[in-house]
Amino acid sequence: MNDKCHKRTAIIGAGMAGLLAAINLKKAKREFMVFEKADSLGGTWRDNRYPGLTCDVPAHAYTYSFAPYAEWNAYHATGPEIKRYFEKVASDYGITPFIHFNTEITACHFQEASANWELTDAHGENHIFDIVIVASGVLHHPSTPDITGLDDFQGSCFHSAQWEDDLVLENKNIGIIGCGSSGIQIATALTSVANQLVHFQRSPQWIMPVEQFNYTEEEKQDFRDNQQLIDDIRYDKQYWDNIYRFNKGIINPDSPEMQMIEDICRDYLEASIQDPALREKLRPDYRAACKRLIYNWQYYDCVQNQNVFVETGSIDRVMASGVQMQDGTFHTLDILVLATGFHADRFIKPTSVIGRNGLSLDTFWSPRPTAHYAVTLPGFPNMFMLNGPTGPVGNFSLIDIAERQWEYIDQLLSIIHSGDAETVEPKISAFEDYEKRRIEAAQKTIFSSGCSSWYLDNTGIPMTWPWSYQDFADAMQQPILSEYDIRGAS
Ligand code: NA7
């Protein structure tokens, strides 16, 4: 490889997507560095440590395609297990030494003259790279509620993604604000240990029942001996039928597939909750899958326990010893968990990203975060996003999505590495066409059917891939090079 073609790549983030990029670059013998703001890898699986944390994608489908794993303890894996999996993969593929921990990238500025990127880290050091892979994750900026008196609470109060380790939970009075996946999983896990558990519910959620079972040691041995058994689960027809049904329902809310999803969720509620008053409390007034559908197998059982109360009233304020409701009810609490979600529209922010001609990402992302086919950004040459804005959402394996995105990115990288181009970025016209079509389609999806959720940008448009999963797979198979501005060809 001559010097002209010797390109250096920065990967921002050592979570699932950053590791994927690093493994692929290492295999291709490319020079790269991984910058990670925290002191360990794993991204969302490092940050989230709450009791009950479980991935809603079956474990064998939530692995890299090239790194199957025989050791999963159950059909749906827990957070700590998944974190261990990523640590193992990073170690097996020799990636860990390439990761610069405790090194947050605070600025990425494109240098017009040299056609490369200057990255500045939080220690004030500058680094020059030709290519930047943004793998900084989606749900990593906790959103704390604007509730009066939160600071007055004398017990433990923290966001679900900032769990206080070593906290004694047994026989405590615990309040959980929020009924997204996090709040539902935490409530499910804590019912059996809490003295009283109050689940503060602003909006109820539809729940899709899923199965959960443990793998025996014999089964794990079978997985070790015969990888086909793992593939049978990963590519299980019923699982993929469900995925495709779900996808069809998302993009066509009037479809029989969405009707079936609604029927399943409604029937599950009807059949599970005995007390009619509680059943009505838990019945959403919006369509199933409008908010991210909860996949769960225990919440409805737990919520009917004597020590659980679903509070649907409005919170007036938090006081030293608990939560005061507007109707005068007071809940005395030792622990208050804020399972109130994330600022899902920030992605790499607050890092300052300045592309060509001084274009800032803040400007480009006004009014909404977006990217060409969720991967590239006009005006930001040689910058590529994994799990960036407008990618598929909705109970799919983000690993599978990132792997497909990598296929697309890798073909663009090859042009740069071959020396055929210095920079690659989408043409603004191609991007605008994509974005126009995407917004039109997104407004027809179930996510636009009348509810609030983290899928929506601040103008109310879903920040999602609005077409079929197959369309996504097809789009990622090969970039349309006529949509790209490829400069500096030798
Ligand atoms: P979500 O899904 O964004 O859920 C946040 C929950 O917090 C939701 O029930 C909100 O109610 C509730 N919330 C937010 N602010 C308040 C205030 N101020 N008062 C009361 N309730 C509030 O976040 P999760 O962490 O559960 O899940 C995020 C994703 O992580 C999940 O989809 C998976 O992909 C993994 P609302 O519905 O807005 O009325």
Side-chain angles (χ1 to χ4, degrees), residues 44-45 48-63 69 71-82 85 160 169 174 176 178-194 197 199 201 203-216 219-220 232-234 236-243 245-246 249 257 260-275 278-279 281-284 288-310 337 339 393-398:
T44 197
W45 302 107
N48 284 279
R49 302 179 313 283
Y50 62 73
L53 174 61
T54 311
C55 182
D56 59 12
V57 175
H60 287 293
Y62 194 77
T63 57
Y69 189 53
E71 313 306 323
W72 297 120
N73 287 318
Y75 185 63
H76 290 97
T78 63
E81 268 192 283
I82 297 171
Y85 168 76
S160 56
L169 300 161
I174 303 174
I176 301 166
C179 300
S181 298
S182 306
I184 296 263
Q185 290 189 344
I186 295 166
T188 302
L190 297 190
T191 305
S192 56
V193 293
L197 191 143
H199 200 176
Q201 175 191 276
S203 320
Q205 289 269 12
W206 288 111
I207 297 181
M208 169 67 71
V210 286
E211 51 179 349
Q212 170 71 327
F213 51 85
N214 292 335
Y215 291 119
T216 63
E219 284 170 313
K220 288 192 216 170
D232 288 348
I233 298 172
R234 185 180 176 92
D236 173 52
K237 183 172 177 319
Q238 196 186 344
Y239 168 69
W240 280 99
D241 282 350
N242 287 343
I243 291 284
R245 179 179 67 201
F246 187 65
E257 286 81 6
M260 191 188 281
I261 291 167
E262 290 182 314
D263 290 347
I264 294 171
C265 293
R266 193 192 50 250
D267 291 352
Y268 183 46
L269 173 69
E270 302 286 354
S272 307
I273 304 294
Q274 306 310 316
D275 172 15
L278 179 59
R279 199 183 309 136
K281 272 188 183 179
L282 295 173
R283 189 189 300 279
C290 182
K291 290 178 190 285
R292 190 177 194 276
L293 200 52
I294 309 285
Y295 280 30
N296 193 275
W297 54 91
Q298 276 175 313
Y299 180 72
Y300 282 156
D301 287 342
C302 291
V303 85
Q304 293 177 88
N305 280 356
Q306 290 295 317
N307 65 335
V308 179
F309 180 70
V310 177
V337 181
V393 296
N395 307 82
F396 304 119
S397 165
L398 282 183

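- Trp45 CH2 to Tyr85 OH: the interatomic distance, rounded to the nearest 0.5 Å, is 13.0 Å.
- Checked against side chain to side chain contact (heavy atoms under 4.5 Å, CB included), Ala59 has the following partners two or more places apart in sequence or in another chain: Trp72, Ala77.
- The side-chain contact (heavy atoms from CB on, under 4.5 Å) with Asn296 is formed by just one residue from the set Ile184, Asp301, Val210; it is Ile184.
- Taking every heavy atom of both residues into account, Cys265 and Ala288 meet most closely at SG-CB, 4.2 Å.
- Looking at residues two or more places apart in sequence or on another chain, you find no salt bridge (charged side-chain N to carboxylate O under 4.0 Å, His left out) involving Glu219.
- For Arg49, the side-chain hydrogen bond (donor to acceptor under 3.5 Å, both in side chains) test picks out Asp165, with sequence neighbours left out.
- To the nearest 0.5 Å, atom CG of residue Asn48 and atom OG of residue Ser181 are 10.5 Å apart.
- For Glu262, the salt bridge (charged side-chain N to carboxylate O under 4.0 Å, His left out) test picks out Arg287, with sequence neighbours left out.
- Applying the disulfide bond (SG atoms under 2.5 Å apart) rule to Cys290 yields the partners Cys451; only residues at least two apart in sequence or on another chain are considered.
- Take Asp275 and apply the salt bridge (charged side-chain N to carboxylate O under 4.0 Å, His left out) test, not counting sequence neighbours, and it matches no residue.
- Residues forming a side chain to side chain contact (heavy atoms under 4.5 Å, CB included) with Thr54 (at least two apart in sequence, or on another chain): His76, Gln185, Trp297.
- By the side chain to side chain contact (heavy atoms under 4.5 Å, CB included) test, Arg245 pairs with Asn242, Glu257, Met260, Ile261, Ile264, sequence neighbours left out.
- Under the rule for a side-chain hydrogen bond (donor to acceptor under 3.5 Å, both in side chains), the partners of Asp263 that lie at least two apart in sequence or sit in another chain are Gln259, Arg266.
- Expressed to the nearest 0.5 Å, how far CG of Leu190 lies from CG of Leu169 amounts to 5.5 Å.
- Pairing each heavy atom of Cys179 with each of Ile294, the nearest pair is O-CD1, 4.1 Å.
- The two residues Ala187 and Tyr299 make their nearest non-hydrogen contact at CB-CE1, 3.9 Å.
- In this structure, Ile273 CD1 and Arg283 CZ are separated by 10.5 Å, a value rounded to the nearest 0.5 Å.
- Note: His199 NE2 to Ile186 CD1 = 8.0 Å, rounded to the nearest 0.5 Å.
- Partners of Tyr215 by ring-ring contact (aromatic ring centres under 6.0 Å, His included), not counting sequence neighbours, listed by chain and number: His60, Phe213, Phe223.
- Annotation: side chain to side chain contact (heavy atoms under 4.5 Å, CB included) contacts of Ser272 (sequence neighbours excluded): Tyr268, Tyr300.
- No more than 12 heavy atoms of other residues, nucleotides or ligands sit less than 6.0 Å from atom CD of Gln238.
- Nearest heavy-atom pair, Thr191 versus Leu197, reported as atom, atom and distance to 0.1 Å: N-CD1, 3.9 Å.
- Residues satisfying the ring-ring contact (aromatic ring centres under 6.0 Å, His included) test with Tyr239, not counting sequence neighbours, are none.
- To the nearest 0.5 angstrom, Gln201 atom CD is 12.5 Å from Ile176 atom CD1.
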